[in-house]
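Here is the structure we will look at, set down as structure tokens.
None of these values were measured; they are calculated from a predicted model.
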Amino acid sequence: MDNCTVVTKPALNLVGISYCGPYSTFPDEAILLQSEFLSRKHELNGEVRSTALYSPYFGNEVFATYWASFETAHMETVPDGMVQFIIPEHTYAMVTCTNKRIGEGYEQLSAWMNEQQLKKRDNAVSIEIFYIDEHLEEEAVDLLVPIEDQGGLGVFE
């Protein structure tokens with residue numbers, strides 16, 4: 001569990017597309033969404049700040065909304081069918097895994113959060129960050145779960 005950590009991410013300006021549906025349709029729909037979005041990257045006219053694909057998501061007991069997006073500078077107009085939004089600065093519990101081991105990554109992160117007594121912040125989105133490399137079958141992924149403020153515990157500063 002030594003690859004779990006607490007990080008603070010600054011606000012992110014993202015442009016992307018989303019899918020909303022029952023949990024039973026994941027991860028197939030998430031993979032299709034990411035493929036569709038990657039095929040449309042050229043529509044962002046070079047505004048993309050990195051090759052990392054951001055997939056914020058949230059859900060309840062029945063369904064989830066999942067995004068495929070890139071970080072950009074604020075865009076005056078966004079391509080048809082895409083949405084621009086800002087995720088505010090948050091503190092996250094984070095683990096790095098690979099796109100082939102996301103389930104294991106979440107299990108590890110959940111166990112570590114329980115061990116550290118970190119509570120998920122329910123009104124904030126979790127984020128999967130895929131570090132795209134067309135030459136690799138297995139890519140690095142950061143899993144970020146927003147956590148509640150720890151009330152000034154010095155270990156996180």
Side-chain angles (χ1 to χ4, degrees), residues 3-60 63-106 108-110 112-113 118 120-149 156-157:
N3 65 338
C4 295
T5 187
V6 171
V7 299
T8 298
K9 290 279 188 189
L12 292 166
N13 188 82
L14 301 174
V15 174
I17 58 176
S18 67
Y19 170 78
C20 184
Y23 279 109
S24 61
T25 62
F26 289 84
D28 295 340
E29 290 294 340
I31 292 167
L32 288 172
L33 181 74
Q34 289 178 342
S35 294
E36 177 189 345
F37 185 64
L38 288 170
S39 74
R40 296 184 60 194
K41 181 179 180 179
H42 66 278
E43 294 177 42
L44 296 173
N45 299 324
E47 294 290 332
V48 175
R49 289 198 166 160
S50 81
T51 59
L53 177 73
Y54 288 78
S55 289
Y57 65 91
F58 64 93
N60 58 32
F63 57 87
T65 298
Y66 190 87
W67 289 83
S69 58
F70 281 117
E71 184 179 11
T72 67
H74 178 79
M75 296 176 67
E76 291 302 316
T77 57
V78 295
D80 286 345
M82 293 189 192
V83 174
Q84 179 169 231
F85 57 98
I86 296 172
I87 296 175
E89 178 177 301
H90 284 298
T91 300
Y92 299 89
M94 182 183 95
V95 66
T96 299
C97 59
T98 70
N99 58 327
K100 305 281 189 200
R101 298 183 176 272
I102 289 178
E104 293 172 32
Y106 278 115
Q108 186 179 16
L109 188 59
S110 178
W112 184 78
M113 286 174 65
L118 301 173
K120 182 179 183 296
R121 185 174 179 161
D122 290 329
N123 66 341
V125 296
S126 295
I127 306 171
E128 296 175 350
I129 305 173
F130 294 82
Y131 296 95
I132 306 294
D133 185 336
E134 296 164 8
H135 306 294
L136 297 177
E137 190 175 313
E138 202 161 350
E139 301 166 338
V141 180
D142 289 340
L143 306 177
L144 290 89
V145 174
I147 57 174
E148 292 181 3
D149 183 10
F156 299 118
E157 294 170 6

Side-chain heavy-atom pair Ser126, Pro146 within 4.5 angstrom cut-off
yes
Taking all atoms of both residues into account, what is the closest heavy-atom pair of Leu143 and Ile102, and its distance?
CD1-O, 3.8 Å
Heavy atoms from other residues, nucleotides or ligands near CD of Glu137 exceed 12 (cutoff 6.0 Å):
no
How far apart are the closest heavy atoms of Ser69 and Pro56, and which atoms are they?
OG-CD, 3.8 Å
Is the closest side-chain heavy-atom distance between Gln108 and Cys4 below 4.5 Å?
yes
Any heavy-atom pair between the side chains of Ile87 and Lys9 that's under 4.5 Å?
no
With a 4.5 Å limit on heavy-atom distance, are the side chains of Met94 and Trp112 in contact?
no
Trp67 and ring pair (Phe, Tyr, Trp, His ring centres under 6.0 Å): which single residue from Phe85, Tyr57, Phe130 fits?
Phe85
Could you tell me whether the side chain of Ser110 and the main chain of Tyr106 form a donor-acceptor pair under 3.5 Å?
no
Spatial distance of atom CD (Glu104) from atom CG (Leu109) [nearest 0.5 Å]:
13.5 Å
With rounding to the nearest 0.5 Å, note down the distance linking CG in Asp80 to CD in Glu43.
8.0 Å
dist Gln34:CD -> Leu38:CG (nearest 0.5 Å) comes out at 7.0 Å
In terms of heavy-atom contacts, Ala93 and Leu118 come closest through CB-CD1, 4.4 Å
Looking at side-chain heavy atoms only, is the closest gap between Ile147 and Arg121 below 4.5 Å?
no
Gap separating the CD1 atom of Ile132 from the CG atom of Leu53, nearest 0.5 angstrom:
5.0 Å
Report the distance from atom CG of Asn123 to atom NE2 of His90, rounding to the nearest 0.5 Å.
7.0 Å
Answer yes or no: is there a side-chain heavy-atom contact under 4.5 Å between Val145 and Tyr92?
no
Test the Lys41-Phe70 pair against the cation-pi criterion, namely NZ or CZ under 6.0 angstrom from the six-membered ring centroid and within 45° of the ring axis.
yes
Where is the tightest heavy-atom contact between Ser50 and Val48, given as atom of each residue plus distance?
O-CG1, 2.8 Å
Please check this pair: side chain of Asn99 against backbone of Glu139, looking for a donor-acceptor N/O pair closer than 3.5 Å.
yes
Tell me, with the steps shown, if Met75 and Asn45 meet side chain to side chain contact (heavy atoms under 4.5 Å, CB included).
CA-CA 10 Å; Met75 296 176 67; Asn45 299 324; 5.7 Å; no
Results of salt bridge (charged side-chain N to carboxylate O under 4.0 Å, His left out) for Lys120 - residues two or more places apart only
none
Pick out which of Thr8, Asp149, Leu144 makes a side chain to side chain contact (heavy atoms under 4.5 Å, CB included) with Thr91.
Thr8
What's the spacing between Ile31 CD1 and Tyr66 OH if we round to 0.5 Å?
8.5 Å
Could you tabulate the donor-acceptor pairs under 3.5 Å formed by side-chain atoms of residues 10-25, not counting sequence neighbours?
residue: Asn13; atom: ND2; partner: Thr72; partner atom: O; Å: 3.3
residue: Asn13; atom: ND2; partner: Thr72; partner atom: OG1; Å: 3.2
residue: Asn13; atom: ND2; partner: Ala73; partner atom: O; Å: 3.4
residue: Asn13; atom: ND2; partner: Gln84; partner atom: OE1; Å: 3.1
residue: Tyr19; atom: OH; partner: Thr25; partner atom: OG1; Å: 3.2
residue: Tyr23; atom: OH; partner: Asn60; partner atom: O; Å: 3.3
residue: Thr25; atom: OG1; partner: Pro22; partner atom: O; Å: 2.7

